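Since this is a predicted model, take the numbers as computed values, not measurements. Lettering of chains follows the sequences in order, A, B, ..., and the numbering in each one begins at 1.
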There are 2 protein chains.
Amino acid sequence: MNTPDVLNVGHDCGACPIRHRAVCARCEADELQTLEQIKYYRSYQAGQTVIWSGDRMDFVASVVTGIATLTQTMEDGRRQMVGLLLPSDFVGRPGRQVAAYDVTATTDLVMCCFRKKPFEEMMAKTPHVAQRLLEMTLDELDAAREWMLLLGRKTAREKIASLLAIIARRDAHLKLKSAKGNIVFDLPLTREEMADYLGLTLETVSRQVSALKRDGVIVLEGKRHIVVPDFDRLLEETGDDSDGGLLV
Amino acid sequence: MNTPDVLNVGHDCGACPIRHRAVCARCEADELQTLEQIKYYRSYQAGQTVIWSGDRMDFVASVVTGIATLTQTMEDGRRQMVGLLLPSDFVGRPGRQVAAYDVTATTDLVMCCFRKKPFEEMMAKTPHVAQRLLEMTLDELDAAREWMLLLGRKTAREKIASLLAIIARRDAHLKLKSAKGNIVFDLPLTREEMADYLGLTLETVSRQVSALKRDGVIVLEGKRHIVVPDFDRLLEETGDDSDGGLLV
DNA sequence: GACACGCTTTGACCTACATCAAACTGAAAG
DNA sequence: CTTTCAGTTTGATGTAGGTCAAAGCGTGTC
């Protein structure tokens with residue numbers, strides 16, 4: 001096995017077309033050996049909670065397969081998703097003892113974990129890892145800020161379109177397919193989870209998904225399987241700038 | 001001068017009570033010398049735009065005095081603030097050529113800048129800096145996620161109370177005062193800027209500020225000067241958990 | 001086959017906040 | 001002292017999305 005999960009975290013290889021996933025010629029570097037020694041796997045079933053906010057968290061991890069969410073809950077039960085973790089995403093914060101969010105598996109989930117202590121020691125020694133982690137965290141921060149624009153200023157319809165576009169893009173990217181023609185993917189979230197992502201109610205999500213379907217922006221096969229016949233059309237519905245955020 | 005601005009970025013000294021601000025015994029470390037050589041200052045007047053989204057950005061910087069905001073704007077003019085930069089906060093992303101957000105001075109502003117190229121070279125050499133930057137970015141990510149909960153799920157009144165609490169805390173912290181008794185501070189934002197922060201309109205902000213004043217949660221002296229007679233009371237109005245997010 | 005259970009859709013109604021509009025306030029400019 | 005202007009407040013009205021309620025749908029179970 002080529003341990004792509006380990007590469008996600010430890011290594012940034014310019015030669016790899018898809019940085020977080022590909023196998024890389026420099027796999028023998030020291031930090032990878034170290035990571036290899038301290039890693040272990042955990043599996044969770046769909047719906048299982050990985051960690052509760054406030055729990056002691058003695059590991060960091062990266063998602064290998066499946067989807068997990070980070071959510072915050074208010075005392076009265078209002079919930080807001082604050083992170084959507086797809087394969088190759090990183091969970092956990094070096095330097096923090098206690099989880100700040102609920103982490104939940106929304107599909108069956110496999111994570112590649114590293115015990116926090118040795119991971120931090122390794123980080124202190126190998127600048128590679130800290131730099132890669134910084135880069136990944138900055139990407140997450142950008143995503144969070146786009147998400148803030150969505151939550152604060154977009155209409156319900158724009159929110160739905162944006163979420164579909166995000167998932168479609170991630171999905172297509174992970175499958176290495178180009179974005180020409182039909183884009184097909186399975187929604188990994190229930191209406192309620194979509195609502196928690198978007199700051200809406202599930203009823204509003206349902207209505208707006210139906211509306212996009214009625215207007216021919218998407219085609220629904222069953223409840224979960226989605227076909228996007230014209231990706232540009234979907235992007236128009238998001239309210240985002242047309243130049244599509246190609247910042248480097 | 002003890003160059004506290006430089007310390008913000010380059011150094012994490014456990015001995016300093018207030019980490020980002022204090023002067024530190026290890027100031028002679030190499031990276032500080034390097035930073036010292038490549039730094040320069042820029043001043044902006046209140047209202048001036050520091051960088052437009054999409055502009056080439058050849059420096060990174062930290063705020064020395066004053067307040068700046070990061071905002072995103074949609075084609076039709078809807079605006080959402082996505083970052084509020086107070087003294088000691090960091091702007092700019094190593095590795096990115098182009099600004100992703102509008103950066104605006106909301107008060108007179110002094111920034112301590114570092115040209116990007118030498119800063120990045122220095123980062124590659126001194127792990128200290130990358131690690132400090134990672135830590136700061138993770139803090140920002142947490143702040144962004146709390147902000148997402150605010151935007152997605154809080155009522156207008158809770159949003160206002162939360163913003164006041166955030167500013168009060170930052171302000172008190174920067175002044176090294178304890179949080180007992182009256183907390184007094186000047187609002188650094190106009191109603192419109194508050195609205196852009198909170199995903200509201202300025203009219204709603206005005207109404208809710210008046211309501212909090214009517215209910216005795218805050219005392220307004222003029223339009224900007226605010227007295228919080230009972231900080232716990234204000235916190236109750238935020239809708240947040242009472243244990244106040246003391247995550248380490 | 002019928003039942004139960006989780007998820008989704010649809011409808012009727014309601015309300016928090018947006019929108020539009022006008023008046024107020026205070027500081028700066030002449 | 002008057003004018004101007006940016007920022008703010010306040011009021012009247014509109015509406016997107018929330019709330020409550022009921023019905024539909026697919027899958028697994030007895």
Among all residues two or more places apart in sequence or in another chain, which pass the salt bridge (Lys or Arg N to Asp or Glu O under 4.0 Å) test with [X]?
X: A:D102; value: none
X: B:D215; value: B:R157
X: B:D232; value: none
X: B:R191; value: none

Pair A:R207 + A:E203: basic N to acidic O under 4.0 Å: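 Salt bridge: no.
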Pairs meeting criterion side-chain hydrogen bond (donor to acceptor under 3.5 Å, both in side chains) with involvement of residues 103-115 of chain A, two or more places apart: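 For residues 103-115 of chain A: none.
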Summary of salt bridge (charged side-chain N to carboxylate O under 4.0 Å, His left out) pairs that have at least one residue in residues 144-153 of chain A, sequence neighbours excluded: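 Every salt bridge (charged side-chain N to carboxylate O under 4.0 Å, His left out) pair that includes a residue of residues 144-153 of chain A, provided the two are not neighbours, is A:R145-B:E140, A:R153-B:D196.
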A:E221 CD to D:dG26 C1', straight-line distance once rounded to whole Å: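 Spelled out: CD on A:E221 to C1' on D:dG26 is 17 Å.
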Separation of atom CD in A:Q208 from atom C1' in D:dT15, rounded to whole Å: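 Rounded to whole Å, this separation is 13 Å.
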Interface residues of residues 150-159 of chain B with DNA chain D (non-hydrogen, below 4.0 angstrom):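 Within this stretch, nothing sits under 4.0 Å of the strand.
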Touch class at under 4.0 angstrom, heavy-atom based, for B:G199 against every strand present: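 Sugar-phosphate only.
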Selection residues 57-82 of chain A - residue pairs positive for ring pair (Phe, Tyr, Trp, His ring centres under 6.0 Å), sequence neighbours left out: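 Sorted pair list comes back empty.
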Spatial distance of atom CD1 (A:I226) from atom CG (A:D186) [nearest 0.5 Å]: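 Nearest 0.5 Å value for the CD1-CG distance: 8.5 Å.
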Side chain proximity check, A:V209 to A:M194, heavy atoms < 4.5 angstrom: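 Counting from C-beta outward, A:V209 and A:M194 do come under 4.5 Å.
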Between the first and last five pairs of the helix from C:dG1-D:dC30 to C:dG30-D:dC1, the angle of the axes, rounded to 10 degrees: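 The angle separating the two end axes equals 30°.
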Side chain to side chain contact (heavy atoms under 4.5 Å, CB included) partners for A:K154, two or more places apart: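 For A:K154 the side chain to side chain contact (heavy atoms under 4.5 Å, CB included) partners, ignoring immediate neighbours, are A:L150, A:E158, A:K159, A:S162, A:T238, A:D240, B:M74.
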A:V82/B:W147 under side chain to side chain contact (heavy atoms under 4.5 Å, CB included): CA gap, chis, key distance, verdict: CA-CA 9 Å; A:V82 296; B:W147 200 335; over 6 Å; no
Criterion side chain to side chain contact (heavy atoms under 4.5 Å, CB included) on A:F185 and A:R170, from CA distance to verdict: CA-CA 10 Å; A:F185 60 97; A:R170 276 293 301 249; over 6 Å; no
Review item, nucleotides 3-10 of chain D N/O atoms under 3.5 Å of protein N/O:
unit_1: D:dT8; atom_1: OP2; unit_2: B:R191; atom_2: N; d: 2.8
unit_1: D:dT9; atom_1: OP1; unit_2: B:R191; atom_2: NH1; d: 3.1
unit_1: D:dT9; atom_1: OP2; unit_2: B:R191; atom_2: NH1; d: 2.6
unit_1: D:dT9; atom_1: OP2; unit_2: B:S206; atom_2: OG; d: 2.8
unit_1: D:dT9; atom_1: O5'; unit_2: B:S206; atom_2: OG; d: 3.2
unit_1: D:dT10; atom_1: OP2; unit_2: B:S210; atom_2: OG; d: 3.3

Heavy-atom contact window of chain B on DNA chain C, given 5' to 3' at under 4.0 Å: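 First and last nucleotides in contact are C:dC17 to C:dC20.
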